[in-house]
Protein chains: 2
Amino acid sequence: MADALAPEELNTYFALMESVSLLHHAVEQHLRAEGGLSYVQFQLLARLADAPERRLTMTELADGVVYSRSGLTHQAGLLEQAGLVTRGPSPHDQRATLVTITEAGLALVAKVLPGHIEVARRLLFDPLSDADLRSLGEIMTRVRDHMRAQPPRSAATRKRRAPGA
Amino acid sequence: MADALAPEELNTYFALMESVSLLHHAVEQHLRAEGGLSYVQFQLLARLADAPERRLTMTELADGVVYSRSGLTHQAGLLEQAGLVTRGPSPHDQRATLVTITEAGLALVAKVLPGHIEVARRLLFDPLSDADLRSLGEIMTRVRDHMRAQPPRSAATRKRRAPGA
DNA sequence: TATTGTTATACTCTATAACTATA
DNA sequence: TATAGTTATAGAGTATAACAATA
């Protein structure tokens, strides 16, 4: 077990968590109002839009966005129903499903992106100097890479339920 | 409408969102396993534990943690059922409800905190230098204050639903 | 045997609207 | 009239476990 965090660490941690919570909430509201999308759905579409041939396998698509297979199956199903992606078998691996973004999906991402960016700028970037931005980008990129490399640590102890479960 | 974000801004934004998502997920898992709490519930208890007389009104308690009144009523009800808080009328304002953390609630926060901190340190602070920590803390504190001061902007356009709604 | 993905199911969280009571 | 809080209800998200098919 480790020592307690210094107060500075604790304040930093809470400021980070609260800020991103507020930002996430604002972004969700915008995406929902402007494009009928959740943030997770936006992320999935954005990843597909950036992918080499505008398509990825379910497993590739899940990475970092969703934390359970079934969750992704569910979201992919919703996006498919909405005509934003298609799903088909992979020629290379018969087990895999290839998810491809449609023209409608690309159009929706394009439609929603400017406003999304506007929200991020208003909430996150407005109070930052150029130096702050460089710092923050450098730090959070390093943190993200570190976190991605962490072993899952699938719960040190047995699971319990939250009150009310 | 604003210009597109510089690529550096976009990368920073995504790195921030993904990092905190991973951190949040890890923290939730820990809290659930170790104390049977969600992160929201932990936040509520932590706020009460720090409050002047270990109690706050519902409105004070909601601030920044929860985005709807009914959501807080629900969570407070769960915590009360679990014996972690009590609710009673306020002497100063008959409309208000005072939420007080119990000894069991304080004990649970104390039990859970070291491991919580350990998770935050392992994922967030390990890859950071002291200078990084100072930078990040200073920046995120400023960002949080800025966000708190933002007007709600209750959805620029009419609401729609996500696919599948 | 391990991996990919789906299905069924259950539960948690959240939000909206209608309502009560007090300021 | 405005504010504090609760209730009822419905919807959206997520996770677990069991399953089918392929590597």
Side-chain angles (χ1 to χ4, degrees), chain A residues 21 24-26 28-29 31-33 36-44 55-63 65-82 85 87-99 152 154-155 158-165, chain B residues 21 24-26 28-29 31-33 36-44 55-63 65-82 85 87-99 152 154-155 158-165:
Chain A
S21 172
H24 185 268
H25 189 253
E28 283 257 334
Q29 279 201 312
L31 287 173
R32 201 76 73 163
L37 293 172
S38 69
Y39 182 64
V40 165
Q41 290 164 353
F42 169 79
Q43 279 181 290
L44 296 175
R55 62 191 189 188
L56 294 170
T57 66
M58 293 291 281
T59 297
E60 290 166 343
L61 189 52
D63 180 46
V65 176
V66 148
Y67 302 96
S68 75
R69 288 186 168 316
S70 62
L72 179 56
T73 296
H74 181 233
Q75 291 300 332
L78 296 179
L79 294 175
E80 189 176 40
Q81 276 177 41
V85 306
R87 280 187 288 185
S90 164
H92 305 302
D93 184 336
Q94 296 286 47
R95 296 171 302 182
T97 297
L98 275 179
V99 184
S154 47
R158 72 249 169 250
K159 291 203 179 175
R160 273 201 263 162
R161 301 185 116 93
Chain B
S21 172
H24 185 268
H25 189 253
E28 284 258 334
Q29 278 202 312
L31 288 173
R32 200 77 71 164
L37 293 172
S38 69
Y39 183 64
V40 165
Q41 290 164 353
F42 169 79
Q43 279 180 291
L44 296 175
R55 61 190 189 188
L56 294 170
T57 66
M58 293 291 282
T59 298
E60 291 166 342
L61 189 52
D63 180 44
V65 177
V66 149
Y67 303 95
S68 75
R69 288 185 168 314
S70 63
L72 180 57
T73 295
H74 181 234
Q75 291 300 332
L78 296 178
L79 293 175
E80 189 175 40
Q81 276 178 41
V85 306
R87 281 187 287 184
S90 164
H92 304 302
D93 184 337
Q94 296 287 45
R95 296 171 301 182
T97 296
L98 274 178
V99 184
S154 47
R158 73 257 169 239
K159 292 202 179 174
R160 275 203 258 161
R161 298 186 118 95

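Chain letters run A, B, ... following the sequence lines, proteins first, then strands; residues in each count from 1. Only this structure's heavy atoms are used, side chains among them; waters, hydrogens and symmetry mates stay out.
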Salt bridge (charged side-chain N to carboxylate O under 4.0 Å, His left out) filter on B:Asp63, not counting sequence neighbours, yields none
side-chain N/O B:Gln94 vs D:dA4 OP1/OP2, d < 4.0 Å:
no
| message | Within the structure provided, determine whether B:Val65 and B:Leu72 are in side-chain contact (heavy-atom separation under 4.5 Å). | response | no
Pick base, sugar-phosphate or nothing for A:Thr97, based on heavy-atom distances below 4.0 Å to the nucleic acid. sugar-phosphate
A:Leu79 atom CG is separated from D:dG13 atom C1', nearest whole Å, by 13 Å
Notebook entry, point to check: At under 4.0 Å between heavy atoms, what does A:His25 touch on the DNA or RNA strands: base, sugar-phosphate, or nothing?
Noted result: sugar-phosphate
Whole-Å distance, A:Leu72 CG to C:dT3 C1', equals 15 Å
*With respect to the phosphate group of C:dT6, does any side-chain polar atom (N or O) of A:Arg87 fall under 4.0 Å of OP1 or OP2?*
yes
Taken to the nearest 0.5 Å, the spacing of A:Arg55 CZ from A:Glu60 CD works out to 10.5 Å
Between A:His92 and A:Val66, the residue closer to the 5' end of DNA chain D by nearest nucleotide is A:Val66
- Look at the side chain of A:Thr57 and the base of C:dT4, then say whether one donor and one acceptor between them are separated by less than 3.5 Å. no
*Has A:Arg69 got a side-chain N or O lying under 4.0 Å from the OP1 or OP2 atom of D:dC19?*
no
When rounded to whole Å, the NE2 to P distance for the pair A:His74 and C:dG5 reads 18 Å
Winner on side-chain proximity to A:Thr59, out of C:dT16, C:dT4, D:dA4, is C:dT4
note: B:Tyr39, atom OH; D:dG13, atom P; distance rounded to Å ~ 22 Å
Would you say a side-chain N or O of A:Thr73 is under 4.0 Å from OP1 or OP2 of C:dT7?
no
A:Leu98 atom CG is separated from C:dG5 atom P, nearest whole Å, by 9 Å
When A:Tyr67 and A:Arg95 are each assigned the nearest nucleotide of DNA chain D, the 5'-most assignment goes to A:Tyr67
Relative to the ring of B:Tyr67, is the ring of A:His25 parallel (under 30°), tilted (30 to 60°) or perpendicular (over 60°)? parallel
In whole angstroms, the gap separating C1' of D:dG11 from CZ of A:Arg32 amounts to 10 Å
Here the distance between atom P of C:dT3 and atom CG of A:Asp93, to the nearest Å, is 12 Å
- Query: For the base of D:dA15, is there a side-chain donor-acceptor partner from A:Ser70 under 3.5 Å away?
  - Reply: yes
- Quick one: does A:Glu80's side chain have a donor or acceptor within less than 3.5 Å of a partner on A:Arg87's backbone? yes
So, does A:Gln75 get its side chain near the phosphate of D:dT14, meaning an N or O under 4.0 Å from OP1 or OP2?
yes
note: A:Leu56, atom CG; C:dG5, atom P; distance rounded to Å ~ 11 Å
